[in-house]
Amino acid sequence: MYALVDGNNFYVSCERVFRPSLNGKPVVVLSNNDGCAIARSNEAKALGIAMGAPWFKIRHLAESQGLVALSANFPLYGDLSDRMMSLAAGLGHRQEIYSIDESFVDLSGVRGDLLKRSQTIRERVLQWVGIPCCIGIGQTKTLAKLANHIAKSAERKRDSYPAELAQICNLSALNRATLDAVLAATPVEEVWGVGRRIAAQLKEGGIHTVLDLTRMDLATVRQRWSVVLERTVRELQGQSCVDLQDVAPDKQEIACTRSFGRPVTALEDLSEAVSEFASRAAEKLRRQEGLANQVLTFVRTSPFRPDPQYSRSIVVPLRRPTADSSQIADAALTGLRCIYKPDFLYAKAGVMLMELQPVSVHQSELALDEEPGEGWDKGRLMSALDGLNRRYGRGTVLLGSIGLEGDRRRWAMKQERRTPQYTTRWEDMPVVRT
DNA sequence: TCTGGGGTCCTAGGACCC
DNA sequence: TCTGGGGTCCTAGGACCC
(Lines give C-alpha, C1' and ligand atoms only; values in the text may rest on other atoms or scores of the structure.)
Protein backbone atom coordinates (compact mmCIF):
# COMPACT_ATOMS: atom_id res chain seq x y z
CA MET A 1 0.00 0.00 0.00
CA TYR A 2 1.25 3.46 -0.93
CA ALA A 3 0.35 7.06 -0.23
CA LEU A 4 1.08 10.01 -2.48
CA VAL A 5 1.39 13.33 -0.68
CA ASP A 6 1.19 16.24 -3.12
CA GLY A 7 1.27 19.98 -2.42
CA ASN A 8 -1.61 21.85 -4.07
CA ASN A 9 -0.64 24.34 -6.80
CA PHE A 10 2.75 24.14 -5.18
CA TYR A 11 4.63 27.25 -6.33
CA VAL A 12 1.56 29.42 -5.86
CA SER A 13 1.01 28.00 -2.38
CA CYS A 14 4.65 28.76 -1.51
CA GLU A 15 4.19 32.39 -2.56
CA ARG A 16 1.01 32.62 -0.51
CA VAL A 17 2.85 31.49 2.61
CA PHE A 18 4.67 34.81 2.56
CA ARG A 19 1.90 36.87 0.99
CA PRO A 20 -1.41 35.79 2.50
CA SER A 21 -3.10 38.65 0.67
CA LEU A 22 -2.87 36.47 -2.43
CA ASN A 23 -5.31 33.96 -0.97
CA GLY A 24 -8.52 33.76 -2.95
CA LYS A 25 -7.03 35.64 -5.91
CA PRO A 26 -6.13 34.24 -9.31
CA VAL A 27 -2.33 33.83 -9.24
CA VAL A 28 0.20 32.35 -11.65
CA VAL A 29 3.92 31.75 -11.23
CA LEU A 30 5.90 32.37 -14.41
CA SER A 31 8.91 30.50 -15.78
CA ASN A 32 12.36 31.83 -16.58
CA ASN A 33 12.18 35.22 -18.37
CA ASP A 34 8.53 35.32 -17.33
CA GLY A 35 7.83 33.21 -20.40
CA CYS A 36 4.87 31.10 -19.40
CA ALA A 37 2.72 29.96 -16.48
CA ILE A 38 4.19 27.00 -14.60
CA ALA A 39 1.83 27.08 -11.61
CA ARG A 40 -1.74 28.30 -11.25
CA SER A 41 -3.99 28.88 -8.27
CA ASN A 42 -7.46 27.33 -8.37
CA GLU A 43 -8.86 30.74 -9.23
CA ALA A 44 -6.45 31.02 -12.17
CA LYS A 45 -7.41 27.55 -13.35
CA ALA A 46 -11.05 28.61 -13.17
CA LEU A 47 -10.23 31.44 -15.59
CA GLY A 48 -9.24 28.80 -18.10
CA ILE A 49 -5.47 29.39 -17.91
CA ALA A 50 -3.69 26.27 -19.15
CA MET A 51 -0.46 24.85 -17.78
CA GLY A 52 2.36 26.39 -19.81
CA ALA A 53 0.21 29.20 -21.17
CA PRO A 54 2.49 31.95 -22.55
CA TRP A 55 2.30 35.12 -20.52
CA PHE A 56 1.69 37.38 -23.50
CA LYS A 57 -1.50 35.43 -24.20
CA ILE A 58 -2.91 35.73 -20.70
CA ARG A 59 -1.61 39.08 -19.53
CA HIS A 60 -4.88 40.78 -20.46
CA LEU A 61 -6.44 38.86 -17.54
CA ALA A 62 -4.32 40.92 -15.17
CA GLU A 63 -6.49 43.93 -15.84
CA SER A 64 -9.81 42.32 -16.56
CA GLN A 65 -9.75 39.66 -13.84
CA GLY A 66 -7.14 40.80 -11.35
CA LEU A 67 -4.75 38.01 -12.29
CA VAL A 68 -1.49 38.29 -10.32
CA ALA A 69 1.69 37.03 -11.99
CA LEU A 70 4.90 36.32 -10.07
CA SER A 71 8.39 35.44 -11.25
CA ALA A 72 9.53 32.06 -10.00
CA ASN A 73 11.67 31.89 -6.86
CA PHE A 74 13.07 28.36 -6.92
CA PRO A 75 15.29 28.52 -3.82
CA LEU A 76 12.21 29.41 -1.78
CA TYR A 77 10.23 26.52 -3.24
CA GLY A 78 13.07 24.11 -2.57
CA ASP A 79 13.24 25.16 1.05
CA LEU A 80 9.49 24.77 1.66
CA SER A 81 9.61 21.47 -0.20
CA ASP A 82 12.23 20.10 2.20
CA ARG A 83 10.07 20.98 5.17
CA MET A 84 6.95 19.47 3.63
CA MET A 85 8.82 16.27 2.74
CA SER A 86 10.15 15.68 6.22
CA LEU A 87 6.64 15.96 7.66
CA ALA A 88 5.16 13.72 4.96
CA ALA A 89 7.77 11.09 5.75
CA GLY A 90 6.06 10.58 9.11
CA LEU A 91 3.20 8.81 7.35
CA GLY A 92 5.14 5.56 6.93
CA HIS A 93 8.57 3.95 7.13
CA ARG A 94 9.99 4.67 3.68
CA GLN A 95 9.63 7.68 1.44
CA GLU A 96 10.43 8.42 -2.19
CA ILE A 97 10.70 12.10 -3.06
CA TYR A 98 9.31 12.06 -6.55
CA SER A 99 9.36 15.74 -7.42
CA ILE A 100 9.55 19.10 -5.70
CA ASP A 101 5.94 18.82 -4.54
CA GLU A 102 5.22 15.08 -4.42
CA SER A 103 6.39 12.14 -2.38
CA PHE A 104 5.34 8.51 -2.20
CA VAL A 105 5.25 6.86 1.20
CA ASP A 106 5.28 3.10 1.69
CA LEU A 107 2.47 2.26 4.08
CA SER A 108 3.31 -1.38 4.62
CA GLY A 109 3.57 -2.19 8.30
CA VAL A 110 1.74 0.96 9.28
CA ARG A 111 -0.85 0.25 11.96
CA GLY A 112 -4.05 2.06 12.77
CA ASP A 113 -6.53 4.06 10.75
CA LEU A 114 -4.82 5.24 7.56
CA LEU A 115 -7.37 7.97 7.04
CA LYS A 116 -6.83 9.45 10.49
CA ARG A 117 -3.06 9.25 10.18
CA SER A 118 -3.26 11.01 6.84
CA GLN A 119 -5.47 13.73 8.24
CA THR A 120 -2.94 14.37 10.99
CA ILE A 121 -0.10 14.66 8.50
CA ARG A 122 -2.11 16.91 6.23
CA GLU A 123 -2.97 19.27 9.07
CA ARG A 124 0.60 19.31 10.28
CA VAL A 125 1.92 20.29 6.83
CA LEU A 126 -0.69 23.01 6.60
CA GLN A 127 -0.03 24.45 10.06
CA TRP A 128 3.72 24.09 10.28
CA VAL A 129 4.71 24.82 6.69
CA GLY A 130 1.66 26.62 5.38
CA ILE A 131 1.19 24.43 2.31
CA PRO A 132 -2.17 22.75 1.65
CA CYS A 133 -1.74 19.24 0.32
CA CYS A 134 -3.82 16.24 -0.75
CA ILE A 135 -3.12 12.61 0.01
CA GLY A 136 -4.04 9.66 -2.21
CA ILE A 137 -3.82 6.07 -1.01
CA GLY A 138 -3.87 2.93 -3.11
CA GLN A 139 -2.59 -0.60 -3.53
CA THR A 140 0.11 0.53 -6.01
CA LYS A 141 1.92 3.75 -6.84
CA THR A 142 -0.26 4.24 -9.92
CA LEU A 143 -3.40 3.85 -7.79
CA ALA A 144 -2.03 6.23 -5.16
CA LYS A 145 -1.42 8.79 -7.90
CA LEU A 146 -4.94 8.31 -9.17
CA ALA A 147 -6.34 8.60 -5.64
CA ASN A 148 -4.47 11.86 -5.25
CA HIS A 149 -5.98 13.20 -8.45
CA ILE A 150 -9.42 12.29 -7.14
CA ALA A 151 -8.74 13.90 -3.77
CA LYS A 152 -7.74 17.13 -5.51
CA SER A 153 -10.60 17.17 -7.99
CA ALA A 154 -13.17 16.41 -5.30
CA GLU A 155 -11.87 19.37 -3.34
CA ARG A 156 -11.69 21.77 -6.24
CA LYS A 157 -14.75 20.85 -8.28
CA ARG A 158 -18.00 20.04 -6.54
CA ASP A 159 -19.89 17.11 -8.00
CA SER A 160 -16.86 15.68 -9.79
CA TYR A 161 -16.57 12.94 -7.14
CA PRO A 162 -18.23 12.13 -3.80
CA ALA A 163 -17.40 14.97 -1.40
CA GLU A 164 -15.98 12.64 1.24
CA LEU A 165 -13.09 11.81 -1.10
CA ALA A 166 -11.86 15.41 -1.04
CA GLN A 167 -8.35 16.10 0.32
CA ILE A 168 -7.71 12.50 1.35
CA CYS A 169 -8.81 9.58 -0.79
CA ASN A 170 -8.16 5.94 0.01
CA LEU A 171 -9.17 3.91 -3.04
CA SER A 172 -8.52 0.61 -1.29
CA ALA A 173 -11.20 1.42 1.29
CA LEU A 174 -13.99 1.84 -1.27
CA ASN A 175 -16.50 -0.91 -1.99
CA ARG A 176 -16.60 -2.39 -5.49
CA ALA A 177 -19.56 -0.37 -6.74
CA THR A 178 -18.23 2.98 -5.51
CA LEU A 179 -14.77 2.25 -6.86
CA ASP A 180 -16.15 1.35 -10.29
CA ALA A 181 -18.25 4.51 -10.33
CA VAL A 182 -15.19 6.62 -9.47
CA LEU A 183 -13.03 4.92 -12.10
CA ALA A 184 -15.80 5.32 -14.68
CA ALA A 185 -15.98 9.03 -13.89
CA THR A 186 -12.26 9.53 -14.55
CA PRO A 187 -10.96 10.11 -18.08
CA VAL A 188 -8.18 7.77 -19.14
CA GLU A 189 -5.63 10.56 -19.65
CA GLU A 190 -5.56 11.20 -15.90
CA VAL A 191 -3.67 7.96 -15.37
CA TRP A 192 0.04 8.27 -14.55
CA GLY A 193 1.85 7.08 -17.68
CA VAL A 194 -0.94 7.85 -20.14
CA GLY A 195 -0.09 11.03 -22.02
CA ARG A 196 -1.82 12.84 -24.85
CA ARG A 197 -0.72 10.50 -27.60
CA ILE A 198 -1.66 7.23 -25.95
CA ALA A 199 -4.91 8.69 -24.62
CA ALA A 200 -5.93 9.60 -28.16
CA GLN A 201 -5.11 6.10 -29.41
CA LEU A 202 -7.00 4.49 -26.54
CA LYS A 203 -10.05 6.65 -27.19
CA GLU A 204 -9.98 5.71 -30.83
CA GLY A 205 -10.23 2.14 -29.64
CA GLY A 206 -13.21 2.94 -27.43
CA ILE A 207 -11.27 3.14 -24.16
CA HIS A 208 -12.44 6.37 -22.57
CA THR A 209 -12.34 5.95 -18.80
CA VAL A 210 -9.97 4.53 -16.24
CA LEU A 211 -12.48 1.73 -15.68
CA ASP A 212 -12.26 0.80 -19.38
CA LEU A 213 -8.46 0.76 -19.19
CA THR A 214 -8.43 -1.30 -15.99
CA ARG A 215 -10.54 -3.96 -17.70
CA MET A 216 -8.39 -4.26 -20.81
CA ASP A 217 -6.77 -7.52 -21.78
CA LEU A 218 -3.07 -7.43 -20.85
CA ALA A 219 -1.87 -9.27 -23.93
CA THR A 220 -3.71 -6.84 -26.19
CA VAL A 221 -2.25 -3.86 -24.37
CA ARG A 222 1.24 -5.28 -24.74
CA GLN A 223 0.77 -6.12 -28.38
CA ARG A 224 -0.90 -2.91 -29.53
CA TRP A 225 0.98 -0.55 -27.24
CA SER A 226 3.93 -1.51 -25.09
CA VAL A 227 5.21 -3.21 -21.99
CA VAL A 228 5.09 0.20 -20.37
CA LEU A 229 1.34 0.57 -20.76
CA GLU A 230 0.89 -3.06 -19.76
CA ARG A 231 2.64 -2.31 -16.51
CA THR A 232 0.33 0.63 -15.96
CA VAL A 233 -2.76 -1.54 -16.47
CA ARG A 234 -1.40 -4.16 -14.07
CA GLU A 235 -0.85 -1.45 -11.49
CA LEU A 236 -4.41 -0.22 -11.97
CA GLN A 237 -5.54 -3.79 -11.34
CA GLY A 238 -3.71 -3.73 -8.03
CA GLN A 239 -0.57 -5.63 -9.02
CA SER A 240 2.45 -3.63 -7.91
CA CYS A 241 5.03 -3.31 -10.71
CA VAL A 242 6.78 -0.06 -9.81
CA ASP A 243 8.80 -0.18 -6.61
CA LEU A 244 9.43 2.65 -4.22
CA GLN A 245 12.83 4.28 -4.83
CA ASP A 246 13.80 5.52 -1.42
CA VAL A 247 17.39 6.29 -2.36
CA ALA A 248 17.64 8.58 -5.35
CA PRO A 249 19.90 7.02 -8.00
CA ASP A 250 22.66 9.19 -9.46
CA LYS A 251 21.65 11.08 -12.56
CA GLN A 252 22.60 9.57 -15.90
CA GLU A 253 22.61 12.95 -17.59
CA ILE A 254 22.90 16.46 -16.23
CA ALA A 255 21.58 19.37 -18.22
CA CYS A 256 21.62 23.12 -18.00
CA THR A 257 19.58 24.84 -20.70
CA ARG A 258 17.80 28.18 -21.02
CA SER A 259 15.65 30.16 -23.35
CA PHE A 260 16.98 33.66 -23.87
CA GLY A 261 14.92 36.69 -22.93
CA ARG A 262 15.48 38.03 -26.43
CA PRO A 263 16.95 36.52 -29.60
CA VAL A 264 20.73 36.17 -29.68
CA THR A 265 22.86 36.13 -32.83
CA ALA A 266 26.51 36.79 -32.01
CA LEU A 267 28.85 33.90 -31.31
CA GLU A 268 30.28 35.94 -28.46
CA ASP A 269 26.93 36.13 -26.67
CA LEU A 270 26.24 32.45 -27.21
CA SER A 271 29.70 31.60 -25.90
CA GLU A 272 29.05 33.52 -22.74
CA ALA A 273 25.79 31.66 -22.14
CA VAL A 274 27.27 28.28 -23.00
CA SER A 275 30.21 28.62 -20.63
CA GLU A 276 27.85 29.66 -17.88
CA PHE A 277 25.67 26.58 -18.57
CA ALA A 278 28.75 24.37 -18.64
CA SER A 279 30.01 25.48 -15.26
CA ARG A 280 26.58 25.21 -13.66
CA ALA A 281 26.22 21.70 -15.04
CA ALA A 282 29.70 20.83 -13.74
CA GLU A 283 28.65 22.06 -10.31
CA LYS A 284 25.65 19.72 -10.32
CA LEU A 285 27.95 16.93 -11.43
CA ARG A 286 30.34 17.51 -8.55
CA ARG A 287 27.41 17.56 -6.15
CA GLN A 288 26.62 13.97 -7.08
CA GLU A 289 30.33 13.13 -6.98
CA GLY A 290 30.37 12.20 -10.62
CA LEU A 291 32.56 12.56 -13.70
CA ALA A 292 31.45 13.12 -17.26
CA ASN A 293 32.82 11.53 -20.41
CA GLN A 294 30.96 13.64 -22.96
CA VAL A 295 29.62 17.15 -23.30
CA LEU A 296 26.69 17.96 -25.57
CA THR A 297 26.07 21.52 -26.71
CA PHE A 298 22.97 22.64 -28.58
CA VAL A 299 21.58 25.85 -30.02
CA ARG A 300 18.24 26.48 -31.61
CA THR A 301 16.06 29.20 -33.05
CA SER A 302 12.49 29.67 -31.87
CA PRO A 303 10.03 27.22 -33.45
CA PHE A 304 7.31 29.77 -32.69
CA ARG A 305 8.71 32.42 -34.98
CA PRO A 306 8.45 32.63 -38.75
CA ASP A 307 12.19 33.32 -39.09
CA PRO A 308 14.57 30.83 -40.73
CA GLN A 309 14.96 27.82 -38.42
CA TYR A 310 18.17 26.23 -37.26
CA SER A 311 18.69 23.60 -34.58
CA ARG A 312 21.81 21.57 -34.00
CA SER A 313 23.59 19.70 -31.29
CA ILE A 314 27.02 18.15 -31.04
CA VAL A 315 28.70 15.76 -28.65
CA VAL A 316 32.32 16.44 -27.73
CA PRO A 317 34.13 13.60 -25.95
CA LEU A 318 36.37 14.54 -23.05
CA ARG A 319 39.95 13.35 -23.09
CA ARG A 320 39.42 11.76 -19.71
CA PRO A 321 36.47 11.67 -17.33
CA THR A 322 36.25 14.94 -15.45
CA ALA A 323 34.10 17.24 -13.34
CA ASP A 324 36.39 20.20 -13.90
CA SER A 325 34.41 23.28 -14.88
CA SER A 326 37.02 24.72 -17.19
CA GLN A 327 37.61 21.48 -19.06
CA ILE A 328 33.89 21.00 -19.47
CA ALA A 329 33.44 24.60 -20.59
CA ASP A 330 36.28 24.21 -23.12
CA ALA A 331 34.58 21.17 -24.60
CA ALA A 332 31.21 22.91 -24.69
CA LEU A 333 32.72 25.93 -26.47
CA THR A 334 34.55 23.71 -28.95
CA GLY A 335 31.19 22.15 -29.73
CA LEU A 336 29.53 25.54 -30.03
CA ARG A 337 32.11 26.75 -32.56
CA CYS A 338 31.44 23.66 -34.67
CA ILE A 339 27.68 24.10 -34.85
CA TYR A 340 27.39 27.89 -34.80
CA LYS A 341 26.13 29.59 -37.92
CA PRO A 342 25.90 33.35 -38.12
CA ASP A 343 22.74 35.37 -38.87
CA PHE A 344 20.22 33.14 -37.12
CA LEU A 345 18.10 34.47 -34.27
CA TYR A 346 18.90 31.99 -31.52
CA ALA A 347 16.23 31.51 -28.85
CA LYS A 348 17.71 28.78 -26.71
CA ALA A 349 20.95 26.96 -25.93
CA GLY A 350 22.11 24.35 -23.49
CA VAL A 351 24.82 22.04 -22.26
CA MET A 352 24.32 18.43 -21.22
CA LEU A 353 26.82 16.17 -19.50
CA MET A 354 26.59 12.55 -20.58
CA GLU A 355 28.13 9.15 -19.94
CA LEU A 356 28.44 9.93 -16.27
CA GLN A 357 30.31 7.78 -13.83
CA PRO A 358 30.98 7.93 -10.09
CA VAL A 359 34.27 9.47 -8.98
CA SER A 360 35.19 6.27 -7.19
CA VAL A 361 35.54 4.26 -10.39
CA HIS A 362 37.90 6.82 -11.81
CA GLN A 363 39.99 6.98 -8.67
CA SER A 364 40.41 3.24 -8.69
CA GLU A 365 41.41 3.35 -12.32
CA LEU A 366 44.04 5.87 -11.38
CA ALA A 367 45.25 3.41 -8.77
CA LEU A 368 45.52 0.83 -11.53
CA ASP A 369 47.49 3.34 -13.56
CA GLU A 370 50.31 3.32 -11.02
CA GLU A 371 53.40 1.48 -12.08
CA PRO A 372 54.16 -1.72 -10.23
CA GLY A 373 56.94 -0.97 -7.81
CA GLU A 374 57.19 1.16 -4.75
CA GLY A 375 53.91 1.46 -2.91
CA TRP A 376 52.24 -0.92 -5.29
CA ASP A 377 51.09 -4.35 -4.25
CA LYS A 378 48.81 -6.85 -5.73
CA GLY A 379 46.68 -7.06 -2.63
CA ARG A 380 45.75 -3.42 -2.78
CA LEU A 381 44.99 -3.72 -6.44
CA MET A 382 42.80 -6.70 -5.87
CA SER A 383 40.84 -5.16 -3.08
CA ALA A 384 40.23 -2.16 -5.30
CA LEU A 385 38.98 -4.48 -8.02
CA ASP A 386 36.89 -6.48 -5.60
CA GLY A 387 35.33 -3.34 -4.27
CA LEU A 388 34.39 -2.24 -7.75
CA ASN A 389 32.99 -5.57 -8.73
CA ARG A 390 31.03 -5.90 -5.51
CA ARG A 391 29.60 -2.49 -6.02
CA TYR A 392 28.85 -2.58 -9.74
CA GLY A 393 28.43 -6.28 -10.41
CA ARG A 394 30.80 -9.05 -11.26
CA GLY A 395 33.00 -8.44 -14.27
CA THR A 396 32.71 -4.64 -14.15
CA VAL A 397 36.45 -4.26 -14.02
CA LEU A 398 38.99 -6.95 -14.88
CA LEU A 399 42.73 -6.95 -14.82
CA GLY A 400 44.84 -6.34 -17.87
CA SER A 401 48.29 -7.75 -18.40
CA ILE A 402 50.62 -7.37 -15.46
CA GLY A 403 52.16 -10.77 -15.47
CA LEU A 404 48.77 -12.30 -14.98
CA GLU A 405 48.40 -13.71 -18.45
CA GLY A 406 47.03 -16.94 -17.14
CA ASP A 407 44.34 -15.15 -15.19
CA ARG A 408 43.58 -13.01 -18.16
CA ARG A 409 43.10 -15.97 -20.46
CA ARG A 410 40.97 -17.83 -17.97
CA TRP A 411 38.82 -14.75 -17.49
CA ALA A 412 38.52 -14.24 -21.20
CA MET A 413 37.40 -17.82 -21.71
CA LYS A 414 34.85 -17.55 -18.96
CA GLN A 415 33.57 -14.31 -20.41
CA GLU A 416 33.12 -15.94 -23.77
CA ARG A 417 31.17 -18.83 -22.35
CA ARG A 418 28.93 -16.68 -20.28
CA THR A 419 28.60 -13.80 -22.74
CA PRO A 420 26.97 -11.82 -20.00
CA GLN A 421 24.59 -9.18 -21.15
CA TYR A 422 25.48 -6.25 -18.98
CA THR A 423 29.10 -6.69 -18.09
CA THR A 424 31.82 -4.89 -19.91
CA ARG A 425 33.45 -6.86 -22.68
CA TRP A 426 37.08 -7.79 -22.44
CA GLU A 427 38.09 -5.35 -25.15
CA ASP A 428 36.64 -2.48 -23.15
CA MET A 429 38.38 -3.32 -19.90
CA PRO A 430 40.73 -0.78 -18.44
CA VAL A 431 44.14 -2.31 -18.97
CA VAL A 432 47.10 -1.72 -16.72
CA ARG A 433 50.15 -0.38 -18.51
CA THR A 434 53.17 -2.64 -18.41
C1' DT B 1 7.62 41.79 -28.77
C1' DC B 2 6.50 37.93 -25.77
C1' DT B 3 6.05 30.40 -25.71
C1' DG B 4 10.12 26.45 -19.14
C1' DG B 5 13.79 23.39 -17.67
C1' DG B 6 14.70 19.61 -16.39
C1' DG B 7 14.65 14.20 -16.61
C1' DT B 8 13.60 8.71 -17.67
C1' DC B 9 12.56 4.54 -20.23
C1' DC B 10 11.58 1.77 -24.34
C1' DT B 11 11.83 0.43 -29.22
C1' DA B 12 13.37 -0.18 -33.86
C1' DG B 13 16.83 -0.63 -37.11
C1' DG B 14 21.47 -1.08 -38.78
C1' DA B 15 26.27 -2.56 -38.18
C1' DC B 16 28.85 -6.06 -36.76
C1' DC B 17 30.29 -10.56 -34.78
C1' DC B 18 30.45 -15.72 -34.19
C1' DT C 1 31.87 -18.38 -51.35
C1' DC C 2 27.26 -19.15 -49.73
C1' DT C 3 23.66 -19.70 -46.15
C1' DG C 4 21.40 -18.99 -41.84
C1' DG C 5 20.57 -18.23 -36.94
C1' DG C 6 21.53 -15.79 -32.92
C1' DG C 7 23.47 -12.32 -30.40
C1' DT C 8 25.42 -7.43 -28.96
C1' DC C 9 26.04 -2.60 -29.39
C1' DC C 10 24.86 1.89 -30.79
C1' DT C 11 21.84 5.57 -32.19
C1' DA C 12 17.74 8.10 -33.08
C1' DG C 13 13.38 8.98 -31.95
C1' DG C 14 9.11 8.65 -29.43
C1' DA C 15 6.53 8.86 -25.32
C1' DC C 16 6.08 9.98 -20.82
C1' DC C 17 6.79 12.59 -16.14
C1' DC C 18 6.99 17.03 -13.09
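Convention: sequence-line order gives letters A, B, ...; per-chain numbering from 1. In this text the structure is predicted, and so the values were computed from the model without any measurement.
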Any A:Arg258 side-chain N or O less than 4.0 Å from OP1/OP2 of B:dG6: yes
Does A:Thr142 reach the main-chain N or O of A:Val191 with its side chain, forming a donor-acceptor pair under 3.5 Å? no
Rounded to the nearest 0.5 Å, what separates atom CG in A:Leu87 from atom CZ in A:Arg122? 13.5 Å
What's A:Asn33 touching, base or sugar-phosphate or nothing? Going by heavy atoms closer than 4.0 Å. nothing
Find the distance A:Ile58:CD1 to B:dG4:C1' and express it as a whole number of Å. 13 Å
Gap between atom CD1 of A:Ile97 and atom OG of A:Ser81 - 0.5 Å precision: 6.5 Å
Atom-to-atom span, CZ of A:Phe10 to P of C:dC17 - whole angstrom: 21 Å
Between A:Arg234 and A:Glu230, does any NZ, NE, NH1 or NH2 come within less than 4.0 Å of an OD or OE carboxylate oxygen? yes
A:Arg262 or A:Lys284: which one's nearest nucleotide on DNA chain B is closer to the 5' end? A:Arg262
Does the side chain of A:Ser31 get closer than 4.0 angstrom to OP1 or OP2 of B:dG5 through an N or O atom? no
To the nearest Å, give me how far apart CD (A:Gln223) and C1' (B:dC10) are. 17 Å
Looking at every strand, decide which applies to A:Val191 at a 4.0 Å heavy-atom threshold: base, sugar-phosphate, or nothing. sugar-phosphate
If we take the P atom in both C:dC17 and B:dT3, what is their distance in whole Å? 25 Å
In whole Å, what is the span from the CZ atom of A:Arg59 to the P atom of B:dT1? 13 Å
Mind checking A:Ile254 for me? I need base, sugar-phosphate or nothing, with any heavy atom below 4.0 Å counting as a touch. sugar-phosphate
Out of B:dG4, C:dC18, B:dC2, which nucleotide sits closest to the side chain of A:Ser99? C:dC18
Rounded distance in Å - CZ (A:Arg197) to P (C:dC17): 13 Å
Does A:Ser302 make a side-chain N or O approach to OP1 or OP2 of B:dT3 shorter than 4.0 Å? no
Whole-Å distance separating the CD1 atom of A:Ile198 from the C1' atom of B:dT11: 13 Å
Select base, sugar-phosphate, or nothing to describe what A:Pro249 touches, counting heavy atoms under 4.0 Å on all strands. nothing
Roughly how far, to the nearest 0.5 Å, is the CG atom of A:Leu356 from the CG atom of A:Leu291? 9.0 Å
Would you call A:Asp180 and A:Arg215 a salt bridge, taking side-chain N to carboxylate O under 4.0 Å as the test? yes
Options B:dT1, B:dG6, C:dC18, nucleotide nearest the side-chain atoms of A:Asp101: C:dC18
So which nucleotide from B:dT3, B:dC9, B:dG4 ends up closest to the side chain of A:Gln252? B:dC9
Closer than 4.0 Å, any side-chain N/O of A:Lys145 to the OP1 or OP2 of C:dC18? yes
For A:Ala332 and A:Thr297, work out which heavy atoms get closest and say how close. O-OG1, 3.1 Å
How do A:Val227 and A:Met51 order along DNA chain B: which one's closest nucleotide is nearer the 5' end? A:Met51
Given atom CG of A:Asp243 and atom P of B:dT8, what is their separation to the nearest angstrom? 18 Å
Using the ring centroid of each side chain, check whether A:Phe104 and A:Trp192 are separated by less than 6.0 Å. yes
Please work out if A:Ser226 contacts a base, only the sugar-phosphate, or nothing of the nucleic acid, heavy-atom cut-off 4.0 Å. nothing
For B:dC10, take OP1 and OP2 only and decide whether either is under 4.0 Å from a side-chain N or O of A:Arg231. yes
Does A:Thr257 place a side-chain N or O at less than 4.0 Å from the phosphate oxygens OP1/OP2 of B:dG6? yes
So what is the 5' to 3' dot-bracket string for DNA chain C, if pairs are Watson-Crick or G-U wobble with both distances under 3.5 Å, crossing pairs use [ ] and | means the partner sits on another strand? ....||||||||||||||
Starting from P on C:dC16, measure out to CH2 on A:Trp225 and report it in whole angstrom. 12 Å
Taking only N and O in the side chain of A:Lys348, is any of them less than 4.0 Å away from OP1 or OP2 of B:dT3? no
Plane angle bin for A:Phe10 and A:Tyr77 - parallel if under 30°, tilted between 30 and 60°, otherwise perpendicular: perpendicular
Closest to the A:Lys251 side chain, choosing from B:dC2, B:dT3, B:dG7: B:dG7
